[in-house]
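Encoded as structure tokens, the structure appears first; notes follow it.
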Protein chains: 2
Amino acid sequence: MKLEEELKQTRFKDEYQKAMLNIIFTGNWLEVWTSQILKQYDLSSQQFNVLRILRGSSPSPLNLLDIQERMMDRMSNATRLVEKLRQKGLLTRKQCDSNRRKVEIEITEKGQALLKELDPVMEKSHLELTQKLTVAEVNTINKLLDKLRD
Amino acid sequence: MKLEEELKQTRFKDEYQKAMLNIIFTGNWLEVWTSQILKQYDLSSQQFNVLRILRGSSPSPLNLLDIQERMMDRMSNATRLVEKLRQKGLLTRKQCDSNRRKVEIEITEKGQALLKELDPVMEKSHLELTQKLTVAEVNTINKLLDKLRD
DNA sequence: CCCTAACACTTGTATATACAATAAAAGTAC
DNA sequence: GTACTTTTATTGTATATACAAGTGTTAGGG
């Protein structure tokens with residue numbers, strides 16, 4: 001749907017302003033959508049994100065800063081986020097031997113299993129996206145957004 | 001910067017997954033950026049958004065649902081958001097005569113003045129965007145994002 | 001060895017947000 | 001008018017988040 005209809009607005013100042021709002025709005029929209037799916041698995045999208053990051057580096061552990069650098073949302077709640085996931089048994093954390101300031105965080109079997117369960121679910125919602133845009137089009141989006149953040 | 005570098009990640013599953021993350025990440029990035037600017041004016045980006053919505057409809061007032069419909073973020077905190085702005089004297093609210101369930105919310109002179117002060121500031125940060133992408137390119141982004149949300 | 005600075009993480013606190021429950025007014029049916 | 005439903009907004013509560021201050025660890029200089 002056009003952003004104008006989405007926000008019940010008749011006009012924007014220029015295409016730049018519209019793009020700005022459009023990206024923020026669409027990002028939000030996608031986030032809400034995935035959060036909705038993840039809720040059934042009792043995961044927030046941030047938590048899911050952290051788990052995927054850990055799977056990505058597995059079997060090597062990561063420390064908090066590593067995770068923070070890779071997160072979509074760079075706030076300083078990484079400690080508490082990781083703690084939540086630890087309580088659910090989805091990851092482990094132990095003090096690093098060589099540098100005791102650091103912690104080594106690793107995804108558990110249970111975490112891996114949960115992600116494995118989620119993969120096809122996420123894949124399925126990806127499919128809807130596939131039907132709306134061609135590969136060439138998403139490619140264009142990726143190129144332009146990367147350029148925008150330069 | 002490429003999303004891969006931004007998130008220190010080597011690869012994504014496919015262009016669709018990358019686009020998904022790219023849009024969310026870039027939206028976030030833009031939000032953080034504008035929030036930073038607005039902080040000097042003691043406004044959150046949501047509050048700013050509400051003010052602009054009210055200016056858009058001025059001199060007609062809006063009720064809470066109208067505002068909610070036009071917001072980027074459709075949560076149910078509209079009551080409290082509006083109350084915050086009222087405390088700052090940036091808007092007024094009064095019970096609607098014809099339908100006393102509704103409230104009529106209107107931007108004040110002070111609110112108008114604040115937005116007027118902010119216009120050039122925001123415009124300036126728009127300019128940075130302008131330097132990164134051509135009009136044709138932002139047009140493409142707008143078209144593709146609208147299509148994505150169809 | 002001591003002092004200071006930098007680092008990696010944690011915690012406190014104030015604020016924001018999501019979601020559900022509630023309240024009050026209006027509309028509808030009888 | 002009374003009972004029911006719907007609309008519109010508010011409040012309560014639990015959780016999340018941002019930012020600053022604090023803790024413990026390591027590193028470097030003298």
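The structure presented is a predicted model; accordingly, all values stated were derived computationally and were not measured. Note on naming: letters A, B, ... go to the chains in the order of the sequence lines (proteins, then strands), and numbering restarts at 1 for each one.
Between the CG atom of L43(B) and the P atom of dT15(C) there is a distance of 16 Å, rounded to whole Å. M71(B) has its CE atom 13 Å from the P atom of dA16(C), to the nearest Å. To the nearest angstrom, P of dT15(C) lies 11 Å from CG of D42(B). Distance CD (Q46(A)) to P (dA16(D)): 10 Å, rounded to an integer number of Å. When the P atom of dT10(C) is taken as reference, atom CG of L81(A) falls 12 Å away, rounded to whole Å. Between the C1' atom of dT17(D) and the CD atom of Q68(A) lies a distance of 13 Å, rounded to the nearest Å. Between E83(A) atom CD and dT11(C) atom C1' the separation is 13 Å, expressed in whole Å. Atom P of nucleotide dT25(D) and atom CD of E104(A) are separated by 16 Å, given to the nearest angstrom.
Contacts between residues 51-63 of chain A and DNA chain C, counted as heavy-atom distances below 4.0 Å, involve N63(A). For residues 91-101 of chain A, proximity to DNA chain C is found at R93(A), R101(A), defined as any non-hydrogen atom under 4.0 angstrom from a strand atom.
Remark: side-chain polar atoms of K110(A) are paired, donor with acceptor, to backbone N or O of K88(A) under 3.5 angstrom. S45(A) places no side-chain N or O within donor-acceptor distance of the main-chain N or O of E31(A), the cut-off being under 3.5 Å. Looking at Y16(B), its side chain does come within 3.5 Å of a backbone N or O of L133(A) through a donor-acceptor pair. Side-chain atoms of K147(A) do not come within 3.5 Å of backbone N or O of E137(B) as any donor-acceptor pair. For the pair D150(B) (side chain) and M1(A) (backbone), a donor-acceptor distance under 3.5 Å is present. In this structure a side-chain-to-backbone donor-acceptor pair under 3.5 Å is missing from K8(A) to D66(B).
Residue K102(A) places none of its side-chain N or O atoms closer than 4.0 Å to OP1 or OP2 of dT26(D). Not one side-chain nitrogen or oxygen of N77(B) sits closer than 4.0 Å to the OP1 or OP2 atom of dA16(C).
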Each nucleotide N or O in nucleotides 2-4 of chain C that has a protein N or O under 3.5 Å away: list the pair and distance.
none

Practice item. I would like to know whether D146(B) and R149(B) meet salt bridge (Lys or Arg N to Asp or Glu O under 4.0 Å); could you show each step before the answer? Key: CA-CA 5 Å; D146(B) 287 353; R149(B) 286 194 319 277; 3.1 Å; yes
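Among the nucleotides dA16(D), dT10(C), dC19(D), the one closest to the side chain of R80(A) is dC19(D). Taking every side-chain heavy atom of Q47(A) into account, dA16(D) is the closest of dT10(D), dT10(C), dA16(D).
Salt bridge present: R55(A) and D119(A) bring a charged side-chain N and a carboxylate O closer than 4.0 Å. A salt bridge links E83(B) with R86(B); the closest basic N to acidic carboxylate O contact falls under 4.0 Å. We find that R100(A) and D97(A) are not joined by a salt bridge, their nearest charged nitrogen and carboxylate oxygen being 4.0 Å or further apart.
Residues K84(B) and K39(A) each lie close to DNA chain C; by heavy-atom proximity, the contact nearer the 5' end of the strand is made by K84(B).
With values rounded to the nearest 0.5 angstrom, E104(B) atom CD is found 10.0 Å from Q95(B) atom CD.
Exactly one residue among K2(A), K18(A), E15(A) makes a side chain to side chain donor-acceptor pair (under 3.5 Å) with N142(B). That residue is E15(A).
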